[in-house]
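Down below is the structure, laid out as structure tokens.
Positions are given from 1 along the sequence.
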Amino acid sequence: KVLNAYIWTLVVLVVGISFVVRLLYGCIVGPEYQESVWLVYPLVLSSMFLSLLVFYDMGYHCSKNTSRQLPCLFMALVISIVTNYLFTIQWGIYGIVASINVTYLFMLIYKMIDTRKYMLLNIDSYSLIMLMLLILSGIMYYVLYDTLFIAAYLVAAFAVAIIACPGYIKHFLAEKLNLKTNRR
């Protein structure tokens, strides 16, 4: 439940932060840096991968077997160096961002497989819906240009997130919101 709630939360944050920043980019970033708006989504996505990596690190720490992380770190180092070199030649700064995501994604998949020895974590259908929303949002981030369409997509994405929200998260949020309103 914790992993699935965490995935749901991270997807909501990635989509929310990326699209809100996209809407406000003209106001918060100078005109000479407007082209960097296209880096926002993949950089926020890399933060999600890193957050999930930290979650999976828990298996190593709880088992008191942190040395098992070394092979992953060495392979990730090699992947990072190679992809940085190859992607930067091809795509410049966009290649660096792509390299970060490839490296983090490799580490995440490695740790998901390796930590099965310590803990069995299942991704439920709600989380799969959220991951599909994340992929669709990545596409929409680069397809939508009109502010109205971006805002409409953000509202639609949050509606899907609320619908796809597991009951235990809705119950938790309702309790927290109810506690805050009762304190007033």
Side-chain angles (χ1 to χ4, degrees), residues 3 6-61 66-116 121 123 127-147 149-151 153-154 156-157 160-161:
L3 173 64
Y6 193 51
I7 289 171
W8 184 87
T9 304
L10 289 174
V11 170
V12 168
L13 288 172
V14 167
V15 173
I17 291 169
S18 299
F19 281 88
V20 168
V21 167
R22 174 99 187 270
L23 286 170
L24 300 175
Y25 214 70
C27 301
I28 58 176
V29 175
E32 60 274 9
Y33 299 107
Q34 290 298 309
E35 185 66 24
S36 63
V37 71
W38 305 117
L39 298 172
V40 171
Y41 191 85
L43 285 172
V44 176
L45 184 65
S46 67
S47 297
M48 178 184 157
F49 290 150
L50 181 60
S51 298
L52 286 169
L53 279 169
V54 171
F55 184 89
Y56 275 93
D57 281 345
M58 166 184 58
Y60 297 110
H61 294 288
T66 55
S67 63
R68 287 193 56 86
Q69 293 184 56
L70 286 176
C72 177
L73 293 173
F74 285 125
M75 286 187 277
L77 175 67
V78 171
I79 290 170
S80 179
I81 291 170
V82 170
T83 56
N84 257 312
Y85 178 74
L86 295 174
F87 292 175
T88 305
I89 290 172
Q90 290 288 92
W91 303 310
I93 194 164
Y94 300 101
I96 294 168
V97 174
S99 175
I100 291 168
N101 279 319
V102 167
T103 304
Y104 282 168
L105 188 58
F106 163 77
M107 291 176 70
L108 180 59
I109 292 169
Y110 181 97
K111 288 183 179 191
M112 287 173 78
I113 294 168
D114 193 48
T115 57
R116 286 184 179 264
L121 299 172
I123 297 176
S127 295
L128 291 176
I129 291 169
M130 292 306 290
L131 293 173
M132 285 187 274
L133 175 66
L134 184 70
I135 293 167
L136 178 63
S137 296
I139 294 166
M140 298 309 281
Y141 189 84
Y142 295 100
V143 171
L144 298 176
Y145 288 97
D146 186 65
T147 305
F149 288 132
I150 295 169
Y153 178 78
L154 185 59
V160 169

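Legend: salt bridge (charged side-chain N to carboxylate O under 4.0 Å, His left out) pairs involving residues 14-26, not counting sequence neighbours: none detected. For residues 127-140, the pairs satisfying side-chain hydrogen bond (donor to acceptor under 3.5 Å, both in side chains) are Asn4-Ser127, Asp124-Ser127, Ser137-Tyr153, with sequence neighbours left out. Applying the side-chain hydrogen bond (donor to acceptor under 3.5 Å, both in side chains) definition to pairs two or more places apart or across chains, those involving residues 100-112 are Asp57-Lys111, Gln69-Lys111.
Here the CG atom belonging to Asn84 is positioned 10.5 Å from the CD1 atom belonging to Ile89, to the nearest 0.5 angstrom. In this structure, CH2 in Trp91 is found 12.5 Å from CD1 in Ile96, a value given to the nearest 0.5 Å.
A distance-only check finds no donor-acceptor pair linking the side chain of Tyr41 to the backbone of Ser18 [under 3.5 Å].
Annotation for Tyr25: atom OH counts as buried by contact number, over 12 foreign heavy atoms lying within 6.0 Å. Within a 6.0 Å sphere centred on OH of Tyr142, heavy atoms belonging to other residues, nucleotides or ligands number more than 12. No more than 12 heavy atoms of other residues, nucleotides or ligands shown are found within 6.0 angstrom of CZ on Phe149.
When every heavy atom of Phe87 is checked against every heavy atom of Ala98, the shortest pair comes out as CD1-CB, 3.9 Å. Nearest heavy atom pair, residue Val143 against residue Tyr145, reads O-CD1, 3.3 Å. For Ala157 against Leu133, the heavy-atom pair with the smallest separation is O-CD2, 3.7 Å. Shown here for Leu134 and Val15, the closest heavy-atom pair between the two residues is CD1-CG2, 4.4 Å.
For Arg116, the salt bridge (Lys or Arg N to Asp or Glu O under 4.0 Å) criterion is met by no residue, not counting sequence neighbours. Remark: Tyr56 pairs with no residue by the side chain to side chain donor-acceptor pair (under 3.5 Å) rule, at least two apart or across chains.
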Determine all donor-acceptor pairs shorter than 3.5 Å in which one atom belongs to a side chain in residues 45-54; sequence neighbours excluded.
residue: Ser46; atom: OG; partner: Leu43; partner atom: O; Å: 2.6
residue: Ser47; atom: OG; partner: Leu43; partner atom: O; Å: 3.3
residue: Ser51; atom: OG; partner: Ser47; partner atom: O; Å: 2.9

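Within the 4.5 Å cutoff, the side chain of Met112 has no heavy atoms near those of the Leu121 side chain.
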